[in-house]
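Residue numbers start from 1 in every chain, and the chains themselves are labelled A, B, ... in the order their sequence lines are given, proteins ahead of strands. What's counted below: heavy atoms across the whole structure, side chains too, no hydrogens, waters or symmetry copies.
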2 protein chains.
Amino acid sequence: MRGARARRRKHAAARPPDVDIGALTCLIGYMLRRAQIAVFQDVFRAFAEVGIRPAQFSVLTVIAHNPGRTQSQVAAALGIKRTNFVALIDSLERRGLAERRPAPSDRRSHALHLTDAGRATVRRLNRMVDRLEAGMIRRIGRNRRGVLLELLARLSER
Amino acid sequence: MRGARARRRKHAAARPPDVDIGALTCLIGYMLRRAQIAVFQDVFRAFAEVGIRPAQFSVLTVIAHNPGRTQSQVAAALGIKRTNFVALIDSLERRGLAERRPAPSDRRSHALHLTDAGRATVRRLNRMVDRLEAGMIRRIGRNRRGVLLELLARLSER
DNA sequence: TATTGTTATACTCTATAACTATA
DNA sequence: TATAGTTATAGAGTATAACAATA
């Protein structure tokens, strides 16, 4: 046992020792960022098969749950600026997943709706999301997702 | 009691009901992103007083803990590409916080070191970070930072 | 031949100002 | 006068290809 450990240490010493990331691993902000990047890489890879980005998925989901809402309303709910939301909706409309309809009460607004293809895509993406979530729950330990989501929600509150 | 609830509901109905963000609040990836953005906004605002960005802080911290390491080593430890690391070090060097020195063993490499001003800046930033962390711990509840960091570390593992 | 630092470049995200048509 | 959608634009962040000096 001792010999094995010493051998391993010798191997480690042969190549330059790892860089110490310092106190960063104890900082919530830094670890939050690293975790978010890691998780999004998985999401990104899975969604690539459908040609959808995480932001587009979040927009499709909100429209699915709130058909008829205006661009400004959906954008605000997701923390996206009206101005940057235009190209997002453009892309979803061009792909035939969502559409802008004239809003009944205000002729300045566009009411957002999903197409049938959009609803089908959301269902497909949701199955992927379920698999990804299952993988993450396996990593952090079953029955600990609730804790994590609660802590993250508290950090998000302004 | 019933009357108060009804009155509140009536008020809510007066203005358009909030957009339902749907199942997104139950997704680890989405909540991770929202929390990261919220926390980084606080960090960004605090660091603005010193004119330092989060990425620059992480570089200064790693150099402080690992003086003499090469650009490639520090960049890799932080998950930053060599090619994007050049401008980062340029900015820190221009501000007199870090410096490139010829590496003793390999004339291709630059050994990174902090200046006295760089060390003083790191100390100042660390005091800010301590205050920010205290605020976050207050939000999520004392004695729960450990859980959060552990869960985030597990999600970051590849 | 491989690696370190570098430049050039492109694409995404995000942020601001200004326009138009409606309200 | 204010708001919804839009355009143009500029700044970060991140990705790839290619080059010179060195190993």
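One donor-acceptor pair, N or O on each side, does fall under 3.5 Å between the base of C:dT7 and the side chain of B:T83.
For the pair B:H110/B:T70, no side-chain contact is recorded, criterion being any heavy-atom separation below 4.5 Å from C-beta on. Within the 4.5 Å cutoff, side-chain heavy atoms of B:V50 are placed close to those of B:M128. With contacts defined as side-chain heavy-atom distances shorter than 4.5 Å, the pair A:L88/A:N84 does not qualify. A heavy-atom distance below 4.5 Å is found between the side chains of A:I140 and B:L155. Residues B:R145 and B:L148 form no side-chain contact, since every pair of their non-hydrogen atoms from C-beta on lies 4.5 Å or further apart. No side-chain heavy atom of B:I89 sits under 4.5 Å from any side-chain heavy atom of B:V74.
Distance, B:N84 CG to C:dT4 P: 16 Å, rounded to whole Å. Atoms CD (B:Q73) and C1' (C:dG5) sit 14 Å apart, rounded to a whole Å. A:K81 places its NZ atom 13 Å from the C1' atom of C:dA17, with the value rounded to the nearest Å. In this structure, CZ of A:F85 is placed 15 Å from P of C:dA15, rounded to the nearest angstrom. The CZ-P distance, from A:R108 to C:dC19, rounds to 19 Å in whole Å. Separating the NE2 atom of A:H110 from the C1' atom of C:dT20 is a distance of 12 Å, rounded to the nearest angstrom. For the pair A:R82 CZ and C:dA17 P, the computed distance is 13 Å after rounding to whole Å.
Chain B approaches DNA chain D over the interval D:dA12 to D:dA23, counting the first and last nucleotide 5' to 3' with an atom under 4.0 Å from its heavy atoms.
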Which donor-acceptor pairs under 3.5 Å do the side chains of residues 30-41 of chain B make with protein atoms, sequence neighbours left out?
unit_1 : atom_1 : unit_2 : atom_2 : d
B:Y30  : OH     : B:R34  : NH1    : 2.3
B:R34  : NH1    : A:L78  : O      : 3.3

Let me have the donor-acceptor pairs involving side chains of residues 51-62 of chain B, under 3.5 Å, with sequence neighbours excluded, atom names and distances please.
unit_1 : atom_1 : unit_2 : atom_2 : d
B:Q56  : OE1    : B:R53  : N      : 2.9
B:Q56  : NE2    : B:S91  : OG     : 3.1
B:S58  : OG     : B:A55  : O      : 2.7
B:T61  : OG1    : B:F57  : O      : 2.9

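Hydrophobic cluster membership is shared by A:L24 and B:L149, with clusters built from Ile, Leu, Val, Met, Phe, Trp and Tyr side chains linked at under 4.5 angstrom.
Across all strands shown, A:T70 has heavy atoms under 4.0 Å from sugar-phosphate atoms exclusively, and none from any base.
For the segment residues 86-107 of chain B, residues with any heavy atom less than 4.0 angstrom from an atom of DNA chain D are, sorted by number, B:D106, B:R107. For the contact set between residues 28-45 of chain B and DNA chain D, defined by any heavy atom under 4.0 Å, there are no members.
Identified under the salt bridge (charged side-chain N to carboxylate O under 4.0 Å, His left out) test for residues 120-131 of chain B, with sequence neighbours left out: B:E49-B:R124.
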Chi angles and distances behind the side chain to side chain contact (heavy atoms under 4.5 Å, CB included) call for B:R139, A:E157: CA-CA 9 Å; B:R139 278 197 204 167; A:E157 287 162 13; 5.6 Å; no
